[in-house]
Number of protein chains: 2
Amino acid sequence: MKQRPPKLTEIADRLDISTATVSNALSGKGRVSAELAKRIKQTAEELGYVPSVSARALRTGMTGVIGLVLPDIGNPLFPQIAQAIENAATDAGFGVLIADSRGSIKAQTEAIRHLRDRGVDGMIVVPRRGTRVANIGCPVAMIDSPSTPGNTVSADHWGGGWLIGEHLQKLGHRKVLLIGNNRDSIVQNDRLGGARAALADVTTEQVWLDSLSLPSASAFDPLSWYRAGFTAFVTVSDLQALRVLTHLQNAGITVPAMASVSGFDDLMFASAVIPALTTVRMDMPAVAGIAINALKQAIEAGSTSPDQTVRASPDRVPMTLAARRSTGPAPQEEGENPLFQIPSEGELKS
Amino acid sequence: MKQRPPKLTEIADRLDISTATVSNALSGKGRVSAELAKRIKQTAEELGYVPSVSARALRTGMTGVIGLVLPDIGNPLFPQIAQAIENAATDAGFGVLIADSRGSIKAQTEAIRHLRDRGVDGMIVVPRRGTRVANIGCPVAMIDSPSTPGNTVSADHWGGGWLIGEHLQKLGHRKVLLIGNNRDSIVQNDRLGGARAALADVTTEQVWLDSLSLPSASAFDPLSWYRAGFTAFVTVSDLQALRVLTHLQNAGITVPAMASVSGFDDLMFASAVIPALTTVRMDMPAVAGIAINALKQAIEAGSTSPDQTVRASPDRVPMTLAARRSTGPAPQEEGENPLFQIPSEGELKS
DNA sequence: CTGAAAGCGCTTACAG
DNA sequence: CTGAAAGCGCTTACAG
């Protein structure tokens, strides 16, 4: 049984004043003598008064809820995003309604409409690849990539790539392989582009796994690149990095002694692997805070912009390098080529 | 600018009938001639009518929203849970408001209160270790473990453990190490207990990482167990399994040729590792569906139970084994002990 | 500084 | 089968 919480009138009756005054006092809009206001707040406290969100929403047209739309809730980065958004939203006084776009663009549109119908005041959208969100009736903050048009705020993926490139360059690597898995992803292009820029003096090669025949991931063999002299593998995600790392280790290539591997995003398993994964992390709380703030302002302003995508400043947040054990100095070539010392997989297994 | 959607009165005016009739027709409660009802629905469609959730909520006392409370949104299992709940809830016509208990029990209580204040009709709680949720004013469905008192529905963790135990036993392993990381966790005890039961005929040893001095995880060394003749490592989570697997690999122990490793939950990285991780998976959609259904019934019934924790049937869902490459036949001991063939870590790295 | 009154958009007894 | 009316619990001009 839902227990009926005390209402405004009850505290008004108790103090023998009008509900208008109680409302004014509680919302702190002034217009009430300090002394009375204090008494009102006190008895509200005593009675455990909690305003009815439905009533307020009906009256003001604002629900105090924002929607969070994600390309895929199953996404490994989701926990970080959701947690950061939830915290920022809670601090800003908003509730967070989630929506899963379940993969398809159509489902994303539907999810957005659903949220709108539920009356959210605004929404945070992490769009599907290249999606532009059509005009809905409320302000929208987009988190994607600084180079994406319409983006509100995001991490500086290019800068993050630069960090990892610089790190490997300083470690003395001379041949670095850059690995992406979707050539259409702006985020991935930014990350790899940054790394390439920092590695201007060294030999780099770039591969897109999406160009390989399926199952693409398993078709990629880091060993052949290793034999070709590549000593560092830069990937655009920790998942990819994990794959490369374990592939190498499984074949007897020790990391980081023989090869270095790096990822992106600092997923929860990154520090659980042995050796721990060097990765580049976004400052999610910062990104979320900026997005929520921008959204809040737009909501309070009544969001008059024609295109209701919100802008924020700064619109990009620096990434930080978590240098861990999976990256190390490039192997030294003393006399003979270390590449010939690798035990073969068969040898190890016997 | 939030565009004002058409209201009930508009469609009533257009058809020159009362809003009561429109409301009745739209809610399909009968009481309206079929012919009129059809016309009403049609013009509602034309006008793009969307009922105001706030108004309806204020009037009926039901918001059509449920809360999802999780011990820690950062939890690696969160994406699976959230996605399953979101889908089931959407199908049942509910919106999902998320709340993060941010680790502490106190924060969990606060999160729950927050949701209640926001007017949710009910909530799904994945409780913190051993937490019982106090009386709030709405039905609650708990997802924890079948052996947890007050549990509404969950996966059959014991049965899952049994599956992995059986699998290893069939593969011929004679010495199996069971690894948990929190001896107070009912879920973990269930999982390990099931495995032990299936391994009744083989030598098992059980270790709790929480009992080691910190940093506990890094203090645990699977190598010493391997040298002691253990050929299979059963962990209660994929994260733990990943750690053991990579630790072995890094030391030159090939998996599964020399040792087998298994996890739980089928986290997204489980199939990305090489060799892919054998793991036991929950049927999250089933669990979520049952929880949401039970909750829905309680909500519609007005939830008269004293303790408002909802019961469901079935209250446990079978787990399934995903047998992958990280588990294989126990190494054969032909003549000499294979344990002496392991290349030492130093040897490999040089 | 305080209060009386209207109204947000629905649903639901209650009449007819 | 259909409608007139009340009311869910607030907030907000508007008077006083």
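Per chain, numbering begins at 1; letters A, B, ... match sequence-line order. Since the structure is predicted, the reported quantities are computational estimates derived from the model, not experimental observations.
- Residues B/I66 and B/M123 fail the side-chain proximity criterion, which asks for heavy atoms closer than 4.5 Å.
- Inspection of the B/T90 and B/E86 side chains reveals an N or O donor paired with an N or O acceptor under 3.5 Å.
- A salt bridge links A/E46 with A/R14: the closest approach of a Lys/Arg side-chain nitrogen to an acidic carboxylate oxygen falls below 4.0 angstrom.
- Computed from coordinates, the B/M62 CE to C/dC10 P distance equals 19 Å when rounded to whole Å.
- The distance between atom NZ of A/K7 and atom C1' of D/dC8, rounded to the nearest whole Å, is 8 Å.
- A heavy atom lying under 4.0 Å from DNA chain D marks the following residues of residues 43-59 of chain B, by number: B/L58, B/R59.
- Between the C1' atom of D/dC1 and the CZ atom of B/R39 lies a distance of 14 Å, rounded to the nearest Å.
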Can you give me the N/O atom pairs linking the protein to nucleotides 3-5 of chain D at distances under 3.5 Å, or say none if there are none?
{"unit_1": "D/dG3", "atom_1": "OP2", "unit_2": "B/S18", "atom_2": "N", "d": "3.2"}
{"unit_1": "D/dG3", "atom_1": "OP2", "unit_2": "B/S18", "atom_2": "OG", "d": "3.4"}
{"unit_1": "D/dG3", "atom_1": "OP2", "unit_2": "B/T21", "atom_2": "OG1", "d": "2.9"}

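- Pair assignment for D/dA4: none, as no Watson-Crick or G-U wobble contacts are both less than 3.5 Å.
- Although no hydrogens or angles enter the test, the distance criterion places no donor-acceptor pair under 3.5 Å between the side chain of A/T148 and the main chain of A/N151.
- Between B/T152 and B/I290 there is no side-chain heavy-atom pair separated by less than 4.5 Å.
- Judged purely by distance below 3.5 Å, without hydrogens or angles, the side chains of A/T63 and A/D121 pair a donor atom with an acceptor atom.
- Atom CG in A/D100 sits 11.5 Å away from atom CD in A/E110 (nearest 0.5 Å).
- Between A/S33 and C/dT2, a side-chain N or O to OP1/OP2 separation shorter than 4.0 Å is present.
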Using residues 49-60 of chain B as the side-chain source, report each donor-acceptor pair under 3.5 Å to any protein atom, sequence neighbours left out, with the distance given to one decimal.
{"unit_1": "B/S52", "atom_1": "OG", "unit_2": "B/S54", "atom_2": "N", "d": "3.4"}
{"unit_1": "B/S52", "atom_1": "OG", "unit_2": "B/A55", "atom_2": "N", "d": "3.0"}
{"unit_1": "B/T60", "atom_1": "OG1", "unit_2": "B/R56", "atom_2": "O", "d": "2.8"}
{"unit_1": "B/T60", "atom_1": "OG1", "unit_2": "B/M62", "atom_2": "N", "d": "3.2"}
{"unit_1": "B/T60", "atom_1": "OG1", "unit_2": "B/M62", "atom_2": "O", "d": "3.4"}

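- Of the side-chain N and O atoms in A/T60, none sit less than 4.0 angstrom from OP1 or OP2 of D/dT11.
- Computed from coordinates, the A/L8 CG to D/dT11 P distance equals 6 Å when rounded to whole Å.
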